[in-house]
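Values in this document were obtained by computation on a predicted structure and should not be read as measured data. To find a chain, count down the sequence lines: A is the first, B the second, and so on, and within it residues start at 1.
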Protein chains: 2
Amino acid sequence: MPRDGSITRTSIMDSAQQLILNQGFSATSVDSVIEKTGITKGAFYYHFDTKAELALALVERYAALDHEHLEMNMKQAEELSRDPLQQMLIFAGLLKAEMEGLVEPFPGCLYASYCYEAQLFTEDTHQIIENMMLEWRQRLSAKFSEIMEIYPPKLEVTPESLADMILVIYEGVFIMSKTLKEPAMTAVQLGQYRNYIELMFEKPAA
Amino acid sequence: MPRDGSITRTSIMDSAQQLILNQGFSATSVDSVIEKTGITKGAFYYHFDTKAELALALVERYAALDHEHLEMNMKQAEELSRDPLQQMLIFAGLLKAEMEGLVEPFPGCLYASYCYEAQLFTEDTHQIIENMMLEWRQRLSAKFSEIMEIYPPKLEVTPESLADMILVIYEGVFIMSKTLKEPAMTAVQLGQYRNYIELMFEKPAA
DNA sequence: TTATTTATACCGACTAGTTGGTTTAAATAA
DNA sequence: TTATTTAAACCAACTAGTCGGTATAAATAA
(Lines give C-alpha, C1' and ligand atoms only; values in the text may rest on other atoms or scores of the structure.)
Protein backbone atom coordinates (compact mmCIF):
# COMPACT_ATOMS: atom_id res chain seq x y z
CA MET A 1 0.00 0.00 0.00
CA PRO A 2 1.22 3.48 -0.80
CA ARG A 3 1.38 6.15 1.84
CA ASP A 4 -1.22 8.85 2.08
CA GLY A 5 -0.43 11.56 -0.43
CA SER A 6 -3.51 13.57 0.46
CA ILE A 7 -1.69 14.93 3.51
CA THR A 8 0.99 16.47 1.29
CA ARG A 9 -1.63 17.65 -1.16
CA THR A 10 -3.57 19.36 1.60
CA SER A 11 -0.53 21.04 3.09
CA ILE A 12 0.52 22.29 -0.34
CA MET A 13 -2.91 23.86 -0.68
CA ASP A 14 -2.79 25.36 2.81
CA SER A 15 0.60 26.97 2.20
CA ALA A 16 -0.42 28.22 -1.23
CA GLN A 17 -3.65 29.76 0.04
CA GLN A 18 -1.85 31.68 2.77
CA LEU A 19 0.73 32.99 0.31
CA ILE A 20 -1.90 33.90 -2.27
CA LEU A 21 -3.98 35.89 0.23
CA ASN A 22 -0.92 37.90 1.23
CA GLN A 23 0.88 38.50 -2.03
CA GLY A 24 -1.47 37.38 -4.80
CA PHE A 25 -1.38 34.42 -7.14
CA SER A 26 1.12 35.82 -9.59
CA ALA A 27 3.75 36.59 -6.97
CA THR A 28 3.26 33.18 -5.41
CA SER A 29 5.87 31.14 -7.25
CA VAL A 30 5.88 27.37 -7.16
CA ASP A 31 9.27 27.63 -5.48
CA SER A 32 7.81 29.71 -2.64
CA VAL A 33 4.99 27.21 -2.19
CA ILE A 34 7.28 24.19 -1.93
CA GLU A 35 9.60 26.06 0.42
CA LYS A 36 6.73 26.97 2.76
CA THR A 37 5.32 23.44 2.55
CA GLY A 38 8.72 21.84 3.10
CA ILE A 39 8.64 19.59 0.06
CA THR A 40 10.38 19.43 -3.29
CA LYS A 41 9.38 20.37 -6.76
CA GLY A 42 8.88 16.76 -7.75
CA ALA A 43 6.32 16.28 -5.01
CA PHE A 44 4.47 19.41 -6.08
CA TYR A 45 4.25 18.33 -9.70
CA TYR A 46 3.23 14.85 -8.60
CA HIS A 47 0.05 16.36 -7.11
CA PHE A 48 -0.59 19.20 -9.57
CA ASP A 49 0.16 19.13 -13.28
CA THR A 50 0.36 22.92 -13.48
CA LYS A 51 0.18 25.97 -11.28
CA ALA A 52 -3.19 26.73 -12.86
CA GLU A 53 -4.50 23.38 -11.63
CA LEU A 54 -3.52 24.39 -8.11
CA ALA A 55 -5.46 27.62 -8.52
CA LEU A 56 -8.53 25.66 -9.57
CA ALA A 57 -8.21 23.12 -6.74
CA LEU A 58 -7.91 25.94 -4.21
CA VAL A 59 -11.01 27.75 -5.33
CA GLU A 60 -12.94 24.47 -5.52
CA ARG A 61 -12.05 23.68 -1.94
CA TYR A 62 -12.79 27.24 -0.83
CA ALA A 63 -16.18 27.20 -2.55
CA ALA A 64 -17.07 23.84 -0.98
CA LEU A 65 -16.37 25.27 2.48
CA ASP A 66 -18.32 28.39 1.59
CA HIS A 67 -21.27 26.25 0.52
CA GLU A 68 -21.20 24.42 3.85
CA HIS A 69 -20.82 27.69 5.71
CA LEU A 70 -23.97 29.02 4.09
CA GLU A 71 -26.02 25.85 4.49
CA MET A 72 -24.99 24.98 8.04
CA ASN A 73 -25.82 28.42 9.39
CA MET A 74 -29.01 28.72 7.38
CA LYS A 75 -30.23 25.30 8.52
CA GLN A 76 -29.45 26.14 12.10
CA ALA A 77 -31.35 29.41 11.81
CA GLU A 78 -34.29 27.59 10.25
CA GLU A 79 -34.35 25.18 13.16
CA LEU A 80 -34.35 27.94 15.73
CA SER A 81 -37.45 29.73 14.43
CA ARG A 82 -40.40 29.14 12.15
CA ASP A 83 -40.64 32.80 11.11
CA PRO A 84 -38.57 33.72 8.01
CA LEU A 85 -37.66 37.15 9.37
CA GLN A 86 -36.48 35.69 12.66
CA GLN A 87 -34.56 33.04 10.70
CA MET A 88 -32.82 35.73 8.74
CA LEU A 89 -31.97 37.74 11.84
CA ILE A 90 -30.65 34.61 13.58
CA PHE A 91 -28.63 33.76 10.46
CA ALA A 92 -27.02 37.20 10.42
CA GLY A 93 -26.42 36.89 14.16
CA LEU A 94 -24.67 33.55 13.72
CA LEU A 95 -22.38 34.96 11.03
CA LYS A 96 -21.59 37.89 13.28
CA ALA A 97 -20.88 35.62 16.25
CA GLU A 98 -18.40 33.58 14.19
CA MET A 99 -16.31 36.69 13.71
CA GLU A 100 -16.54 37.88 17.30
CA GLY A 101 -13.24 37.91 19.13
CA LEU A 102 -11.36 37.53 15.87
CA VAL A 103 -7.63 38.18 16.02
CA GLU A 104 -4.78 37.72 13.59
CA PRO A 105 -4.41 36.41 10.98
CA PHE A 106 -6.83 38.82 9.36
CA PRO A 107 -9.40 37.08 7.26
CA GLY A 108 -9.18 37.24 3.51
CA CYS A 109 -11.32 35.93 0.70
CA LEU A 110 -9.99 33.91 -2.19
CA TYR A 111 -12.79 35.23 -4.43
CA ALA A 112 -11.56 38.79 -3.88
CA SER A 113 -7.96 37.80 -4.41
CA TYR A 114 -8.80 36.12 -7.71
CA CYS A 115 -11.07 39.02 -8.69
CA TYR A 116 -8.23 41.51 -8.76
CA GLU A 117 -6.05 39.13 -10.78
CA ALA A 118 -8.95 38.02 -12.94
CA GLN A 119 -7.09 37.79 -16.24
CA LEU A 120 -4.71 35.17 -14.88
CA PHE A 121 -7.41 32.53 -14.42
CA THR A 122 -9.35 30.30 -16.76
CA GLU A 123 -13.08 30.44 -17.31
CA ASP A 124 -13.84 27.34 -15.20
CA THR A 125 -12.11 28.93 -12.24
CA HIS A 126 -14.22 32.07 -12.58
CA GLN A 127 -17.34 29.99 -13.00
CA ILE A 128 -16.95 28.40 -9.59
CA ILE A 129 -16.74 31.79 -7.91
CA GLU A 130 -19.65 33.19 -9.89
CA ASN A 131 -21.79 30.16 -9.06
CA MET A 132 -21.11 30.49 -5.35
CA MET A 133 -22.06 34.17 -5.36
CA LEU A 134 -25.26 33.28 -7.19
CA GLU A 135 -25.94 30.49 -4.70
CA TRP A 136 -25.85 32.98 -1.82
CA ARG A 137 -28.12 35.28 -3.80
CA GLN A 138 -30.60 32.52 -4.53
CA ARG A 139 -30.70 31.01 -1.05
CA LEU A 140 -31.12 34.34 0.69
CA SER A 141 -33.38 36.09 -1.80
CA ALA A 142 -35.81 33.19 -1.51
CA LYS A 143 -35.86 33.84 2.22
CA PHE A 144 -36.38 37.56 1.71
CA SER A 145 -39.26 36.83 -0.66
CA GLU A 146 -40.90 34.83 2.11
CA ILE A 147 -40.26 37.66 4.54
CA MET A 148 -41.75 40.25 2.23
CA GLU A 149 -44.95 38.28 1.89
CA ILE A 150 -45.48 38.75 5.61
CA TYR A 151 -43.66 41.93 6.53
CA PRO A 152 -43.88 45.00 4.32
CA PRO A 153 -40.45 46.56 3.89
CA LYS A 154 -40.24 50.11 5.22
CA LEU A 155 -38.42 51.19 2.05
CA GLU A 156 -38.46 49.92 -1.51
CA VAL A 157 -35.98 47.06 -1.91
CA THR A 158 -35.66 43.84 -3.87
CA PRO A 159 -35.00 40.43 -2.30
CA GLU A 160 -31.89 40.10 -4.47
CA SER A 161 -30.30 43.35 -3.33
CA LEU A 162 -30.84 42.41 0.32
CA ALA A 163 -29.36 38.98 -0.36
CA ASP A 164 -26.32 40.38 -2.20
CA MET A 165 -25.59 42.82 0.58
CA ILE A 166 -24.17 40.25 2.94
CA LEU A 167 -21.43 39.17 0.52
CA VAL A 168 -20.82 42.83 -0.25
CA ILE A 169 -20.19 43.42 3.44
CA TYR A 170 -18.00 40.35 3.82
CA GLU A 171 -15.79 41.29 0.89
CA GLY A 172 -15.63 44.94 1.87
CA VAL A 173 -14.89 44.46 5.54
CA PHE A 174 -12.15 41.95 4.80
CA ILE A 175 -10.35 44.58 2.76
CA MET A 176 -10.87 47.29 5.37
CA SER A 177 -9.90 45.18 8.38
CA LYS A 178 -6.84 43.79 6.61
CA THR A 179 -5.67 47.26 5.61
CA LEU A 180 -6.40 48.95 8.94
CA LYS A 181 -5.34 45.88 10.94
CA GLU A 182 -8.61 45.98 12.86
CA PRO A 183 -10.03 42.43 12.93
CA ALA A 184 -12.79 43.55 15.31
CA MET A 185 -14.39 45.52 12.45
CA THR A 186 -15.58 42.32 10.86
CA ALA A 187 -18.17 41.37 13.46
CA VAL A 188 -19.26 44.99 13.86
CA GLN A 189 -20.04 45.43 10.18
CA LEU A 190 -21.84 42.08 9.96
CA GLY A 191 -23.86 43.35 12.91
CA GLN A 192 -24.90 46.32 10.82
CA TYR A 193 -26.34 43.99 8.21
CA ARG A 194 -28.47 42.49 10.97
CA ASN A 195 -29.47 46.00 12.03
CA TYR A 196 -30.51 46.89 8.49
CA ILE A 197 -32.75 43.84 8.12
CA GLU A 198 -34.27 44.48 11.52
CA LEU A 199 -35.00 48.13 10.76
CA MET A 200 -36.29 47.33 7.30
CA PHE A 201 -38.91 44.80 8.42
CA GLU A 202 -39.66 44.90 12.11
CA LYS A 203 -42.54 46.80 13.57
CA PRO A 204 -41.43 49.95 15.37
CA ALA A 205 -41.51 49.59 19.15
CA ALA A 206 -44.91 50.54 20.58
CA MET B 1 12.59 74.13 -23.82
CA PRO B 2 11.93 70.42 -24.01
CA ARG B 3 8.64 68.90 -24.94
CA ASP B 4 6.04 68.06 -22.36
CA GLY B 5 6.88 64.78 -20.67
CA SER B 6 3.95 64.89 -18.29
CA ILE B 7 1.69 63.61 -21.07
CA THR B 8 3.77 60.46 -21.36
CA ARG B 9 3.97 60.11 -17.60
CA THR B 10 0.21 60.34 -17.28
CA SER B 11 -0.45 57.83 -20.03
CA ILE B 12 2.01 55.38 -18.45
CA MET B 13 0.05 55.67 -15.22
CA ASP B 14 -3.30 55.26 -16.98
CA SER B 15 -2.17 52.11 -18.77
CA ALA B 16 -0.59 50.67 -15.66
CA GLN B 17 -3.66 51.28 -13.54
CA GLN B 18 -5.92 49.51 -16.01
CA LEU B 19 -3.57 46.53 -16.19
CA ILE B 20 -3.16 46.37 -12.41
CA LEU B 21 -6.92 46.37 -11.78
CA ASN B 22 -7.34 43.46 -14.18
CA GLN B 23 -4.35 41.26 -13.47
CA GLY B 24 -2.69 42.61 -10.33
CA PHE B 25 0.56 44.46 -9.79
CA SER B 26 2.84 41.44 -9.89
CA ALA B 27 1.58 40.20 -13.24
CA THR B 28 1.77 43.70 -14.68
CA SER B 29 5.28 43.67 -16.12
CA VAL B 30 7.03 46.84 -17.16
CA ASP B 31 7.07 45.37 -20.67
CA SER B 32 3.28 45.07 -20.69
CA VAL B 33 2.93 48.65 -19.48
CA ILE B 34 5.19 50.10 -22.17
CA GLU B 35 3.49 48.01 -24.83
CA LYS B 36 0.03 49.28 -23.81
CA THR B 37 1.32 52.84 -23.55
CA GLY B 38 3.14 52.63 -26.89
CA ILE B 39 6.51 53.75 -25.59
CA THR B 40 9.85 52.12 -24.92
CA LYS B 41 11.65 50.98 -21.84
CA GLY B 42 13.90 54.00 -21.84
CA ALA B 43 10.92 56.32 -21.65
CA PHE B 44 9.43 54.35 -18.78
CA TYR B 45 12.61 54.43 -16.73
CA TYR B 46 13.04 58.10 -17.52
CA HIS B 47 9.81 58.82 -15.64
CA PHE B 48 10.04 56.15 -12.93
CA ASP B 49 13.23 54.90 -11.30
CA THR B 50 11.68 51.58 -10.36
CA LYS B 51 8.45 49.67 -10.74
CA ALA B 52 7.84 50.29 -7.03
CA GLU B 53 7.97 54.03 -7.66
CA LEU B 54 5.21 53.60 -10.22
CA ALA B 55 3.13 51.75 -7.63
CA LEU B 56 3.59 54.62 -5.21
CA ALA B 57 2.80 57.30 -7.78
CA LEU B 58 -0.37 55.45 -8.77
CA VAL B 59 -1.72 55.15 -5.26
CA GLU B 60 -0.81 58.78 -4.53
CA ARG B 61 -2.79 59.93 -7.53
CA TYR B 62 -5.66 57.60 -6.67
CA ALA B 63 -5.78 58.83 -3.08
CA ALA B 64 -5.74 62.46 -4.19
CA LEU B 65 -8.78 61.82 -6.38
CA ASP B 66 -10.42 59.93 -3.55
CA HIS B 67 -9.83 62.87 -1.22
CA GLU B 68 -11.46 65.23 -3.70
CA HIS B 69 -14.31 62.79 -4.25
CA LEU B 70 -15.05 62.78 -0.53
CA GLU B 71 -14.68 66.51 -0.03
CA MET B 72 -16.56 67.66 -3.12
CA ASN B 73 -19.61 65.55 -2.38
CA MET B 74 -19.58 66.31 1.31
CA LYS B 75 -19.29 70.05 0.69
CA GLN B 76 -22.12 69.91 -1.80
CA ALA B 77 -24.28 68.01 0.67
CA GLU B 78 -23.47 70.54 3.36
CA GLU B 79 -24.57 73.36 1.08
CA LEU B 80 -27.87 71.70 0.28
CA SER B 81 -29.03 71.35 3.86
CA ARG B 82 -28.29 72.67 7.32
CA ASP B 83 -29.36 69.47 9.08
CA PRO B 84 -26.57 66.90 9.55
CA LEU B 85 -28.87 63.93 8.93
CA GLN B 86 -30.16 65.43 5.71
CA GLN B 87 -26.58 66.23 4.72
CA MET B 88 -25.61 62.61 5.22
CA LEU B 89 -28.61 61.33 3.27
CA ILE B 90 -27.86 63.77 0.45
CA PHE B 91 -24.20 62.71 0.51
CA ALA B 92 -25.14 59.03 0.18
CA GLY B 93 -27.59 59.94 -2.55
CA LEU B 94 -24.91 61.80 -4.50
CA LEU B 95 -22.56 58.83 -4.31
CA LYS B 96 -25.35 56.56 -5.48
CA ALA B 97 -26.22 58.89 -8.35
CA GLU B 98 -22.61 58.88 -9.57
CA MET B 99 -22.84 55.13 -10.08
CA GLU B 100 -26.26 55.19 -11.72
CA GLY B 101 -26.24 54.04 -15.32
CA LEU B 102 -22.77 52.60 -14.94
CA VAL B 103 -21.60 50.30 -17.71
CA GLU B 104 -18.30 48.66 -18.58
CA PRO B 105 -15.52 48.93 -17.65
CA PHE B 106 -16.48 47.67 -14.22
CA PRO B 107 -15.14 49.82 -11.47
CA GLY B 108 -12.25 48.61 -9.38
CA CYS B 109 -10.40 50.01 -6.42
CA LEU B 110 -6.63 50.29 -6.27
CA TYR B 111 -6.76 49.97 -2.48
CA ALA B 112 -8.35 46.53 -2.79
CA SER B 113 -5.95 45.49 -5.51
CA TYR B 114 -2.96 46.46 -3.35
CA CYS B 115 -4.57 44.87 -0.27
CA TYR B 116 -4.51 41.39 -1.76
CA GLU B 117 -0.90 41.81 -2.85
CA ALA B 118 0.07 43.59 0.35
CA GLN B 119 3.50 42.03 0.80
CA LEU B 120 4.73 43.44 -2.51
CA PHE B 121 4.50 47.06 -1.39
CA THR B 122 6.53 49.27 0.89
CA GLU B 123 5.31 50.81 4.12
CA ASP B 124 4.85 54.30 2.66
CA THR B 125 2.57 52.91 -0.02
CA HIS B 126 0.41 51.21 2.62
CA GLN B 127 0.39 54.36 4.72
CA ILE B 128 -1.29 56.36 1.98
CA ILE B 129 -4.12 53.87 1.72
CA GLU B 130 -4.52 53.58 5.48
CA ASN B 131 -4.60 57.36 5.85
CA MET B 132 -7.32 57.73 3.22
CA MET B 133 -9.49 55.10 4.90
CA LEU B 134 -9.02 56.91 8.21
CA GLU B 135 -9.87 60.22 6.52
CA TRP B 136 -13.23 58.83 5.42
CA ARG B 137 -13.79 57.49 8.91
CA GLN B 138 -12.96 60.82 10.53
CA ARG B 139 -14.92 63.02 8.17
CA LEU B 140 -18.08 60.89 8.31
CA SER B 141 -17.97 59.87 11.97
CA ALA B 142 -17.82 63.54 12.91
CA LYS B 143 -21.01 63.99 10.94
CA PHE B 144 -22.64 60.99 12.59
CA SER B 145 -21.71 62.37 16.00
CA GLU B 146 -23.57 65.55 15.11
CA ILE B 147 -26.52 63.51 13.93
CA MET B 148 -26.65 61.46 17.10
CA GLU B 149 -26.80 64.56 19.24
CA ILE B 150 -30.10 65.39 17.56
CA TYR B 151 -31.56 62.09 16.43
CA PRO B 152 -31.44 59.05 18.69
CA PRO B 153 -30.40 55.97 16.73
CA LYS B 154 -33.03 53.23 16.70
CA LEU B 155 -30.35 50.62 17.47
CA GLU B 156 -27.02 50.80 19.27
CA VAL B 157 -24.30 51.91 16.87
CA THR B 158 -21.09 53.93 16.93
CA PRO B 159 -20.37 56.90 14.64
CA GLU B 160 -17.22 55.10 13.46
CA SER B 161 -18.97 51.92 12.40
CA LEU B 162 -21.55 53.90 10.42
CA ALA B 163 -18.75 55.88 8.81
CA ASP B 164 -16.72 52.78 7.92
CA MET B 165 -19.70 51.07 6.36
CA ILE B 166 -19.66 53.16 3.22
CA LEU B 167 -16.13 52.12 2.26
CA VAL B 168 -17.04 48.56 3.20
CA ILE B 169 -19.88 48.71 0.70
CA TYR B 170 -17.75 50.34 -2.01
CA GLU B 171 -15.02 47.72 -1.71
CA GLY B 172 -17.46 44.85 -1.48
CA VAL B 173 -19.72 45.83 -4.33
CA PHE B 174 -16.78 46.43 -6.65
CA ILE B 175 -15.72 42.82 -6.14
CA MET B 176 -19.24 41.48 -6.59
CA SER B 177 -20.11 43.56 -9.64
CA LYS B 178 -16.79 42.78 -11.31
CA THR B 179 -17.19 39.07 -10.71
CA LEU B 180 -20.86 38.86 -11.68
CA LYS B 181 -20.45 41.44 -14.46
CA GLU B 182 -23.36 43.44 -13.08
CA PRO B 183 -22.32 47.10 -12.96
CA ALA B 184 -25.86 48.10 -11.95
CA MET B 185 -25.30 46.49 -8.53
CA THR B 186 -23.05 49.34 -7.50
CA ALA B 187 -25.69 52.06 -7.30
CA VAL B 188 -28.21 49.64 -5.76
CA GLN B 189 -25.92 48.70 -2.89
CA LEU B 190 -24.93 52.31 -2.25
CA GLY B 191 -28.65 52.98 -2.11
CA GLN B 192 -28.94 50.46 0.69
CA TYR B 193 -26.44 52.44 2.71
CA ARG B 194 -28.73 55.43 2.35
CA ASN B 195 -31.67 53.25 3.39
CA TYR B 196 -29.82 52.09 6.49
CA ILE B 197 -29.04 55.63 7.65
CA GLU B 198 -32.59 56.71 6.96
CA LEU B 199 -34.08 53.81 8.91
CA MET B 200 -31.61 54.20 11.74
CA PHE B 201 -32.35 57.86 12.42
CA GLU B 202 -35.55 59.11 10.86
CA LYS B 203 -38.80 59.29 12.73
CA PRO B 204 -41.24 56.59 11.64
CA ALA B 205 -44.05 57.91 9.42
CA ALA B 206 -47.00 59.11 11.49
C1' DT C 1 19.12 85.27 -39.70
C1' DT C 2 21.96 81.16 -38.67
C1' DA C 3 24.83 78.18 -35.81
C1' DT C 4 25.45 76.36 -31.43
C1' DT C 5 24.32 75.06 -26.83
C1' DT C 6 21.46 73.03 -23.32
C1' DA C 7 18.12 70.27 -20.89
C1' DT C 8 14.64 67.31 -21.31
C1' DA C 9 12.47 63.40 -23.39
C1' DC C 10 12.90 59.16 -25.48
C1' DC C 11 14.90 54.86 -27.91
C1' DG C 12 16.11 49.90 -27.99
C1' DA C 13 19.62 46.52 -27.41
C1' DC C 14 21.48 44.49 -23.51
C1' DT C 15 22.40 42.04 -18.83
C1' DA C 16 21.78 39.20 -14.90
C1' DG C 17 18.59 36.80 -12.67
C1' DT C 18 13.87 34.43 -12.04
C1' DT C 19 9.83 32.10 -13.72
C1' DG C 20 6.91 27.92 -14.54
C1' DG C 21 7.56 23.66 -15.97
C1' DT C 22 10.13 19.06 -17.19
C1' DT C 23 12.95 15.16 -16.63
C1' DT C 24 15.79 11.71 -14.54
C1' DA C 25 17.10 8.16 -11.26
C1' DA C 26 17.12 6.80 -6.79
C1' DA C 27 14.98 6.46 -2.11
C1' DT C 28 11.15 5.52 0.91
C1' DA C 29 7.21 3.48 2.83
C1' DA C 30 2.92 0.68 3.37
C1' DT D 1 5.26 -3.93 -5.49
C1' DT D 2 3.37 0.26 -6.23
C1' DA D 3 2.43 4.99 -4.86
C1' DT D 4 4.78 8.64 -3.11
C1' DT D 5 8.67 11.62 -2.49
C1' DT D 6 13.50 13.27 -2.99
C1' DA D 7 17.32 15.61 -5.20
C1' DA D 8 19.26 17.84 -8.76
C1' DA D 9 19.91 19.19 -13.40
C1' DC D 10 17.82 21.62 -17.07
C1' DC D 11 15.17 24.84 -20.43
C1' DA D 12 12.90 28.54 -22.90
C1' DA D 13 10.65 32.51 -21.79
C1' DC D 14 10.24 36.21 -19.10
C1' DT D 15 11.67 39.66 -15.40
C1' DA D 16 13.35 44.39 -13.69
C1' DG D 17 16.62 47.34 -14.63
C1' DT D 18 20.94 49.58 -17.35
C1' DC D 19 23.19 52.29 -20.64
C1' DG D 20 25.03 54.62 -24.67
C1' DG D 21 22.92 57.02 -28.02
C1' DT D 22 19.33 60.05 -30.38
C1' DA D 23 15.49 63.38 -31.02
C1' DT D 24 13.20 67.67 -29.81
C1' DA D 25 12.75 72.40 -29.12
C1' DA D 26 13.60 76.50 -26.87
C1' DA D 27 17.60 79.68 -25.46
C1' DT D 28 21.66 81.83 -26.73
C1' DA D 29 25.18 83.78 -29.49
C1' DA D 30 27.55 85.26 -33.99
With a 4.0 Å limit, can you tell me whether [X] has a side-chain N or O closer than that to the phosphate oxygens OP1/OP2 of [N]?
X	N	value
Y46(B)	dC10(C)	no
H47(B)	dT8(C)	no
S29(B)	dC14(D)	no
T50(B)	dA16(D)	no

Practice problem: Measure the shortest side-chain to side-chain distance between S177(B) and P183(B) over non-hydrogen atoms and say whether it is less than 4.5 angstrom. | Solution: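 They are not in side-chain contact.
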Quiz item: Is the closest side-chain heavy-atom distance between F91(B) and R194(B) below 4.5 Å?
Solution: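 Side chain of F91(B) against side chain of R194(B), heavy atoms only: no contact under 4.5 Å found.
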Quiz item: Taking the six-membered ring of Y46(B) as reference, does the NZ or CZ atom of K41(B) fall below 6.0 Å from its centre and within a 45° cone about the axis?
Solution: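 No, cation not above the ring by the 6.0 Å, 45° rule.
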Side chain of [X], heavy atoms from C-beta onward: which of [options] has the nearest atom to it?
X	options	answer
I39(B)	dT5(D), dC11(C), dG17(D)	dC11(C)
A43(A)	dT6(D), dA16(D), dT8(C)	dT6(D)
Y45(A)	dC10(C), dG20(C), dT6(D)	dG20(C)

Quiz item: Can you tell me which stems DNA chain D forms when a stem means 3 or more consecutive Watson-Crick or G-U pairs under 3.5 Å?
Solution: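 The stems are C:1-30 with D:1-30.
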Practice problem: Could you tell me whether the side chains of D31(A) and S29(A) share a donor-acceptor contact shorter than 3.5 Å? | Solution: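 No - no donor-acceptor pair under 3.5 Å links their side chains.
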Figure out the [atom1]/[atom2] separation between [X] and [N], and round it to whole Å.
X	N	atom1	atom2	answer
D31(A)	dA8(D)	CG	C1'	13 Å
Q23(A)	dT19(C)	CD	C1'	14 Å
E53(A)	dG20(C)	CD	P	16 Å
E35(A)	dG20(C)	CD	P	13 Å
L19(B)	dA16(D)	CG	P	12 Å
F48(A)	dT5(D)	CZ	P	11 Å
D49(A)	dG20(C)	CG	P	16 Å
I7(B)	dT8(C)	CD1	C1'	14 Å

Quiz item: Want to settle it: does G38(B) or F25(A) sit nearer the 5' end of DNA chain C, counting the closest nucleotide to each?
Solution: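 Its nearest nucleotide being more 5', the pick is G38(B).
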Practice problem: Find which nucleotide of DNA chain C each of G42(B) and V30(A) is nearest to by heavy atoms, and output the residue with the more 5' nucleotide. | Solution: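 Looking at DNA chain C, the more 5' nearest nucleotide goes with G42(B).
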So what does [X] hit on the nucleic acid, given a heavy-atom distance under 4.0 Å: a base, only sugar-phosphate, or nothing?
X	value
F44(B)	nothing
T37(B)	nothing
T40(A)	base
K51(A)	sugar-phosphate

Exercise. Measure from the side-chain N and O atoms of Q192(B) to the backbone N and O of M165(A), and report whether any donor-acceptor pair falls under 3.5 Å.
Key: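 No, Q192(B) side chain to M165(A) backbone: no donor-acceptor pair under 3.5 Å.
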Quiz item: Are more than 12 heavy atoms from other residues, nucleotides or ligands located less than 6.0 Å from atom CD of E71(B)?
Solution: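 Counting neighbours around CD of E71(B), more than 12 heavy atoms of other residues, nucleotides or ligands fall under 6.0 Å, so yes.
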Practice problem: Indicate the atoms forming the closest heavy-atom contact of E202(B) with K154(B), along with that distance. | Solution: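 Closest approach of E202(B) to K154(B), heavy atoms only: O-NZ, 2.9 Å.
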Quiz item: Side chain of K41(B), base of dA16(D): donor and acceptor closer than 3.5 Å?
Solution: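 For K41(B), whose side chain was compared with the base of dA16(D), there is a donor-acceptor pair (under 3.5 Å).
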Quiz item: Under 4.0 Å between a Lys/Arg side-chain N and an Asp/Glu carboxylate O for D14(A) and R61(A)?
Solution: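 Judged by the 4.0 Å cut-off on N to carboxylate O distance, D14(A) and R61(A) do form a salt bridge.
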